[in-house]
Structure formats: structure tokens, C-alpha cells
Amino acid sequence: MAQTGVRIVAAGHYAPAAILTNEDLEKVLDTSDQWITSRTGMKRRHVSSADEATSDLALAAARRALANASLKPSDIDCFIVATVTPDYVFPATACIVAAKLGAKDTAAFDIEIACSGFIYGLTVASSLVRSGIFRRVMLIGAETLSKLVNRNDRGTAILFGDGAGAVILEASAADSFLSSELGSDGSRPEILRVPAGGSRKPLTPSAWDAGEQYIYMEGREVFKFAVTKMIAVTDSALRKANLTHADVDWLIPHQANKRIIDSAAKYLGMSNDKVIVNIHEYGNTSAASIPIALSEALASGKIQPGNVIVFVGFGGGLSWGAVTWRWVA
Ligand code: ACO
């Protein structure tokens, strides 16, 4: 089988028009703009409407990425959607997106590994291209987490937002992919999960009444795990690529909490202007947060050929991962 390099040719992102601000949350919950800003860095989140599903957000981001790459849907050999909020339990959201784009008979599948979805997806998509199986793969991180949030739980209602980011990966003589490190620990699913709606606990009326259709999170536990793992997995990925902290031009982390991002950046010795942060605008959009941040960084011209980027994420599973990437124009 042919062996080749891979590069990202373009990205695009989309977020619903409706905005939920900290001031809006103050009116309905026992919380404050001051608490939310100082504990999370969040100011606003974009929220999908009742008739907007994850595939609609993914589709809008996909169209923007295709336009930015001057490509047609038929130029893509495989669509991958990383999401924890699919349109349905099945079929896969990626199949729906491919069909809506008019990409007939094209390979499509979803990845469900919560906020680590884009990192796992980037690893899989890169492998599919580098192995020669597909020439072009579109990877989309898309979420409508606002639909999974209990609006009465101040511990989670303030955190999550909706959005989608898409990247197109393509075979290339110069290789962007330097390394990937992935991990998981499923021994404590109870600290971050949606308790009901799966085969362990179907969504019965009593589960519904208990609010078990919503995200449950032990925030403090997840916070500790996130800081430790973000640092450890970044170091492992850098070691695999024979790179040091000093080689990193850009850190593009999952946007879950500004304090988590700041501790990772401090450990890596990276100044704030080298870390892509947009958490104030979107909140935590799970698998969509990294591709939205990348798309914005590309649009603003921050990322230049030759730059070394660390993409790093963590989330439900528990799961974590980092990819090191050299930008190829
Ligand atoms: N407004 C005001 N007070 C609040 C709020 C709020 N929205 N939420 C919690 N508090 C209170 C608590 O009740 C607690 O009060 P107490 O001391 O009287 O008991 C106090 O604030 C401190 O609570 P903590 O939970 O310790 O607050 P913390 O500083 O840890 O911040 C947060 C909470 C923001 C949730 C943080 O723990 C966090 O970001 N955790 C990680 C979340 C994350 O990264 N999730 C990732 C993945 S999501 C996925 O995979 C789908």
C-alpha cells in the first residue's frame, strides 16, 4: 500500500447565532458573571435552536471548509464526525452530513470519545491518508451540548455550548503528522457521564424524572485529572516526535476551563500569545472546540508554514490525547 504524508488543506467552523451570556445565566441560576469568569474564563456560549441538530452545525462547518479549500463534496473520500451529541443513537451523523452534502456512496463514520474526539479523529484520519487508503478525509468535530445540559444544575449549565469545526486532510509529499499519544481510563465512568439513555440504563420515565438524561459531572475530580493528563500526554507526544517544549509554536488545547489551559501553558513555558484560547466566546464545545480554535487561528493568519502545533484534549471516558503537527502550506 502506498505511503504518503498528510497535511490539513483548510478548515471551517460554524456556531449557532443565539448567544447565552453569563448575565443570562445569572437571571436563572444561583451564579454570577464574576464566579463564572474567574473559575472558567467563559463569557458566552452559542446555543442551537430546537430544530437545529448536530448534523446541521457539522454541515455548515463542512461547507465552509470545502469553500476555503476550493473543493467539492465529491473530492472527499471519507467523512468522520467526532461527537458525543449525534442526531440519533444511529445512524452515524457523518452519514447524514455526507448525504446532505450530496457526497454519494462515500465512506462515513462517527467517533465517540467525548472531548478527546478531535484528537482521536485527527489520529485516525491522518492514518487513513498516510496509509494510502484515502486521498482526502474530512474530519468534523460537532456538538449540541446545550441539549444534554440540565439547566438547573449550576455545576454544568454554565459550561457547555454548541458549535462545529471541520478540517480537510489530504495526501502530501511533506508530512505534517509528527506524533500522536492517546489514552483512556474507563474505571470511573460515574464521574463524567450521561447516566441514562444507553443500554446500561434505558431512558425510562423514572430515569427521565430523575434528570438522568443530562450530563452528570464531578467537576473537581475532572479538573484534577485534566491538568495532570494534559501535561503528561503533551510531554509523551513531544517525546515521540523528538521535540522539546521550546520547539512548540502553538498550543491548541481543548477549551474546557481557562485555568486548566493556563496550568498546561505554564508547565510548557508558553506565553499566552502562543496559546489559542476562545473559551470566552464558545464555552466548552467538546469535540468541536479544537477545530473551531484551529479554524479561527488559520483565518487570522496566526499559523505559518513550518510552525509546530500541539493539539491536546481530554474528557469523558475518561480519555485524553495529544497530536504534534508541523504546518505544511
Ligand atoms: N456559580 C457559583 N458557584 C458555583 C457554581 C456556579 N456556577 N458551580 C459551583 N459553585 C460552587 C460550588 O457549589 C462550591 O461551593 P461550596 O464551596 O460552598 O461547596 C464552590 O463553587 C466550588 O465548587 P468547585 O466544584 O470546587 O469549583 P471549581 O473551582 O472546581 O470549578 C468547574 C468548577 C468549573 C466545573 C471546574 O471543576 C472544572 O472546570 N472542571 C473540569 C470540567 C471539564 O474539564 N470537563 C471536561 C470534559 S466535559 C466532556 O467530556 C463532555
Side-chain angles (χ1 to χ4, degrees), residues 20-45 54 82-86 110-121 141-164 182-186 188-195 197-198 213-231 233 253-265 277 279-280 282-290 292-293 312-321:
L20 181 69
T21 65
N22 291 353
E23 289 71 23
D24 296 330
L25 289 163
E26 275 179 347
K27 290 179 194 144
V28 290
L29 283 170
D30 179 15
T31 190
S32 65
D33 171 49
Q34 196 278 332
W35 192 96
I36 301 172
T37 307
S38 63
R39 305 309 288 169
T40 71
M42 296 169 185
K43 286 291 202 186
R44 294 142 55 96
R45 315 105 194 106
T54 294
T83 186
V84 76
T85 48
D110 286 1
I111 288 182
E112 194 271 90
I113 186 76
C115 304
S116 308
F118 184 78
I119 302 294
Y120 273 68
E143 302 283 11
T144 47
L145 284 159
S146 66
K147 302 192 187 205
L148 269 192
V149 154
N150 182 345
R151 289 277 149 225
N152 299 318
D153 173 15
R154 69 176 180 174
T156 52
I158 60 155
L159 298 176
F160 298 102
D162 303 341
L182 306 174
S184 77
D185 175 4
R188 290 189 302 161
E190 65 282 356
I191 72 168
L192 179 53
R193 65 176 169 167
V194 176
Q213 68 277 37
Y214 296 126
I215 295 172
Y216 173 82
M217 182 175 73
E218 290 176 26
R220 228 172 289 186
E221 282 301 300
V222 177
F223 189 97
K224 280 188 276 178
F225 141 80
V227 172
T228 320
K229 280 299 177 196
M230 240 173 113
I231 289 171
V233 76
H254 171 46
Q255 313 279 313
N257 187 312
K258 178 73 163 54
R259 288 185 292 139
I260 297 175
I261 296 173
D262 287 347
S263 358
V277 177
I279 194 167
H280 49 279
Y282 300 102
N284 180 348
T285 57
S286 190
S289 86
I290 295 175
I292 293 174
V312 59
F314 59 87
L318 300 172
S319 62
W320 55 90

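As the structure lists them, so they are numbered: ligands from 1, and atoms in each ligand from 1.
- Ligand 1 lies less than 4.0 angstrom from a heavy atom belonging to Val222.
- Heavy-atom proximity to Phe314, at under 4.0 Å, picks out these atoms of ligand 1: 44 (O), 46 (C).
- Atom 40 (N) of ligand 1 is approached by the protein to below 4.0 angstrom, counting heavy atoms only.
- Residue Asn257 approaches ligand 1 through these ligand atoms, each under 4.0 Å from one of its heavy atoms: 34 (C), 36 (C), 38 (C), 39 (O).
- Numbered from 1 in the order shown, with element, the atoms of ligand 1 that lie under 4.0 Å from a heavy atom of Arg259 read 28 (P), 29 (O), 31 (O).
- For Ile158, the closest heavy-atom approach to ligand 1 falls below 4.0 Å.
- Residue contact check: Ala114 has heavy atoms under 4.0 Å from atoms 50 (O) of ligand 1.
- Note on ligand 1: Met217 sits in its first shell, one or more heavy atoms being nearer than 4.0 Å.
- Between Glu190 and Arg193 there is no salt bridge, since no side-chain nitrogen of the basic residue lies less than 4.0 Å from a carboxylate oxygen of the acidic one.
- Contact annotation: for Trp35 versus ligand 1, heavy atoms closer than 4.0 Å belong to the side chain alone.
- Considering Asn284, Asp24, Asn22 in turn, Asn22 is the only one that fulfils the side-chain hydrogen bond (donor to acceptor under 3.5 Å, both in side chains) rule with Arg45.
- Listed by number with element, the atoms of ligand 1 under 4.0 angstrom from any heavy atom of Thr40 are 34 (C).
- To the nearest 0.5 Å, atom CH2 of residue Trp320 and atom CE of residue Met230 are 14.0 Å apart.
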Check your understanding: How far apart are the C-alpha atoms of Thr21 and Lys43, what are their side-chain angles, what is the distance that settles it, and do they pass the side chain to side chain donor-acceptor pair (under 3.5 Å) test?
Key -> CA-CA 6 Å; Thr21 65; Lys43 286 291 202 186; over 6 Å; no
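- For ligand 1 and Ala256, the ligand atoms under 4.0 Å from any heavy atom of the residue are 44 (O).
- Protein non-hydrogen atoms do not reach within 4.0 Å of atom 16 (P) of ligand 1.
- The residue Ala226 has no part lying near ligand 1, judged by heavy-atom distances below 4.0 Å.
- Taken to the nearest 0.5 Å, the CD1 atom of Ile292 stands 11.0 Å off from the CZ atom of Phe118.
- The atoms of ligand 1 that sit less than 4.0 Å from any heavy atom of Phe160 are 48 (S).
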Review point. Which is it for Asn257 and Phe223 under the side chain to side chain contact (heavy atoms under 4.5 Å, CB included) test, yes or no, and what are the steps along the way?
Key: CA-CA 8 Å; Asn257 187 312; Phe223 189 97; 3.8 Å; yes
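- Counting only non-hydrogen atoms, the option in Cys115, Gly219, Gly315, Ser38 that gets closest to atom 51 (C) of ligand 1 is Cys115.
- A pairwise comparison of heavy atoms in Cys115 and Phe314 identifies CB-O, 3.0 Å as the closest pair.
- Remark: Glu26 engages no residue in a side-chain hydrogen bond (donor to acceptor under 3.5 Å, both in side chains) (not counting sequence neighbours).
- Of the protein's heavy atoms, Thr31 OG1, 2.7 Å lies nearest to atom 1 (N) of ligand 1.
- Atom 26 (O) of ligand 1 has its nearest heavy-atom neighbour, among Arg39, Arg154, Arg220, in Arg220.
- With sequence neighbours left out, Thr40 forms a side-chain hydrogen bond (donor to acceptor under 3.5 Å, both in side chains) with no residue at all.
- With a 4.0 Å cut-off on non-hydrogen atoms, Leu145 does not touch ligand 1 at all.
- The OG atom of Ser32 lies 11.0 Å from the CZ atom of Arg39; values are rounded to the nearest 0.5 Å.
- The only member of Ser184, Ser319, Ser286 that meets side-chain hydrogen bond (donor to acceptor under 3.5 Å, both in side chains) when paired with Ser116 is Ser319.
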